[in-house]
Each structure stands twice: as structure tokens, then as C-alpha cells.
Amino acid sequence: MKDQELIKLVQLGDERALLELYDRYRWVICKMQKDYYVSGMEPADWEQEGLLICYQSALEFQEELGTWRGYFYTRVSNFAKSQVRKALSVKRQANQRCMSHERLLEKKMLKKSLSNTNEIMAIPSSEVFDDLCGKVNRMELAGLMFFSGKISLEETCLLFGHEKETILKTKSSLYRLMNKIIY
């Protein structure tokens with residue numbers, strides 16, 4: 001069957017004709033999938049979108065527009081380019097909303113400069129550690145010594161005379177205090 005006949009059958013609602021037409025031009029979808037990487041789109045998504053584009057194109061196609069092959073190829077290509085543009089737009093928005101550490105310091109949005117921290121003060125720098133030690137009570141100091149890795153939990157309990165559970169509970173108050181000092 002020729003493409004024109006299949007298109008007319010699709011326009012009349014023939015599902016088999018749609019699948020046959022899609023199978024003939026499935027290579028276009030595969031080519032676009034290889035040419036345009038769209039994050040988050042798996043092969044099954046490309047197949048689904050391709051079938052939808054094929055259906056919509058068959059409904060809208062007119063012989064005056066040229067060949068079916070060229071029309072379908074252009075529609076799929078435009079779809080792929082639009083998806084890439086959307087993905088890049090999302091990346092651009094994220095990048096535009098970011099601020100460098102230096103810029104945050106300039107705008108006084110940070111109180112102190114941090115260096116090489118993966119997690120906000122999981123292990124405090126010596127300057128922050130000294131500052132923190134001057135602002136904590138005895139129980140928080142015990143927790144600070146343990147959480148910074150200076151001494152073990154058992155040593156902390158013996159040295160400061162607190163139960164293990166009590167020392168472990170100081171973690172949240174230490175994080176609040178560190179955040180106050182840093183930010």
C-alpha cells in the first residue's frame with residue numbers, strides 16, 4: 001500500500017493503517033533519538049511520542065505540502081529540537097538563580113567564608129570550632145567533642161559524666177548553633 005492510501009485510512013480512523021505507516025517511518029524516530037539527546041526521555045517515550053506525531057501528522061497532511069516522508073521528518077525533527085530547548089531552558093534557569101560563594105560574601109548573605117565543605121559543617125574548621133567552643137554549655141561541648149571525632153562516645157561519657165542518649169541528643173542544638181555562627 002502507498003503512503004497516500006495509508007494516510008487516508010488513518011484519517012478515516014484505521015488503527016492498523018496508523019501502525020503500518022508508523023512502522024515504515026520508525027527509522028525517523030530512531031534517527032532523531034540518536035541525534036538529539038533529551039534528558040529524561042527513554043526509548044519508550046520516543047516511541048510513544050513518535051506514534052502520536054505520526055497520527056497528528058497523518059490527520060493534518062495534505063499532498064500540497066510535499067511528500068509524507070519530508071513532512072513527517074520535519075515534524076519529528078521540530079519535536080526533538082523543542083524538547084532540547086525545554087531541557088536547556090530549565091538548566092539556564094537553574095544557573096541564573098545560582099550565586100557564587102564570593103558573591104554571597106560580598107552581599108553579606110554569609111557571615112564567614114567556608115572552605116571545602118561538603119556538608120554544612122559536618123566537621124567544623126578550627127576557627128569555627130574555637131568560636132563554637134566558647135558558646136556552648138558543658139553538655140553541648142561533650143556532644144561537640146564526640147561529633148567532631150575528637151573522642152569516642154564512651155570516652156565522652158566518662159569524661160563529661162553524661163549518658164550516651166543525652167550526648168546524642170545534643171546534635172540538633174549543635175547544628176542550630178553552628179548555623180547561627182556561620183550564617
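All of these numbers come straight from a predicted model, not from anything done at the bench.
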### Approximate separation, where rounding is to 0.5 Å, of F79 CZ and Q56 CD
10.0 Å
### Task
Write down the atom of C54, the atom of F72, and the distance for their closest heavy-atom approach.
CA-CE1, 3.4 Å
### Spacing of CD belonging to E15 relative to CG belonging to L19, to within rounding of 0.5 Å
5.5 Å
### Query
When the ring planes of F160 and H162 are compared, do they come out parallel, tilted or perpendicular, using 30° and 60° as the limits?
parallel
### Message
For Q4, is the CD atom crowded, meaning more than 12 foreign heavy atoms sit under 6.0 Å from it?
### Response
yes
#### Entry: Salt bridge flag under 4.0 Å for residues R24 and E20
yes
### Query
Between D45 (side chain) and E42 (backbone), is there a donor-acceptor pair under 3.5 Å?
yes
### Task
Kindly compute the distance separating CG (L18) from CG (L51), expressed to the nearest 0.5 Å.
5.0 Å
### Message
Grouping I, L, V, M, F, W and Y whenever their side-chain heavy atoms are under 4.5 Å apart, do Y37 and V76 come out in a common cluster?
### Response
no
### Message
Quick one: does any side-chain atom of S89 pair with a main-chain N or O of R85 as donor and acceptor, under 3.5 Å?
### Response
no
#### Entry: Distance in Å, S57 OG paired with Y22 OH, rounded so as to fall on 0.5 Å steps
12.0 Å
### Summary
Between A58 and L21 the two heavy atoms that sit nearest each other are CB-CD2, 4.3 Å
### Message
With clusters defined by side-chain heavy atoms of hydrophobic residues (ILVMFWY) lying less than 4.5 Å apart, directly or transitively, does L52 cluster with L59?
### Response
no
### Message
Does Y36 form a side-chain contact (heavy atoms from CB on, under 4.5 Å) with S77? I'd like the steps, not just the answer.
### Response
CA-CA 9 Å; Y36 297 97; S77 176; 4.2 Å; yes
### Smallest separation among heavy atoms of T156 and A142, with atom names
CG2-O, 3.3 Å
### Query
Does the side chain of M32 reach to within under 4.5 Å of the side chain of Y73, using non-hydrogen atoms?
yes
### Task
Please examine the side chains of L6 and W68, heavy atoms only from C-beta on, and report whether any two atoms are closer than 4.5 Å.
no
### Task
Is it possible for you to say whether I7 and L65 belong to one hydrophobic cluster, with membership spreading through side-chain heavy-atom contacts below 4.5 Å?
yes
### Query
Are I167 and L159 in one and the same hydrophobic cluster, where Ile, Leu, Val, Met, Phe, Trp and Tyr link if side-chain heavy atoms are under 4.5 Å apart?
yes
#### Entry: Point-to-point distance, once rounded to the nearest 0.5 Å, from CD of Q33 to CZ of R26
10.5 Å
### Query
Between Y25 and W27, what is the ring plane arrangement, given parallel below 30°, perpendicular above 60°, and tilted in between?
tilted
### Message
To the closest 0.5 Å, what do you measure between CD1 (I53) and OG1 (T74)?
### Response
11.5 Å
### Query
Just checking, is any N or O donor in the side chain of E163 or T166 under 3.5 Å from an acceptor N or O on the other one?
no
### Task
Under the side chain to side chain contact (heavy atoms under 4.5 Å, CB included) rule, collect the residues that match up with K86, sequence neighbours excluded.
Q83
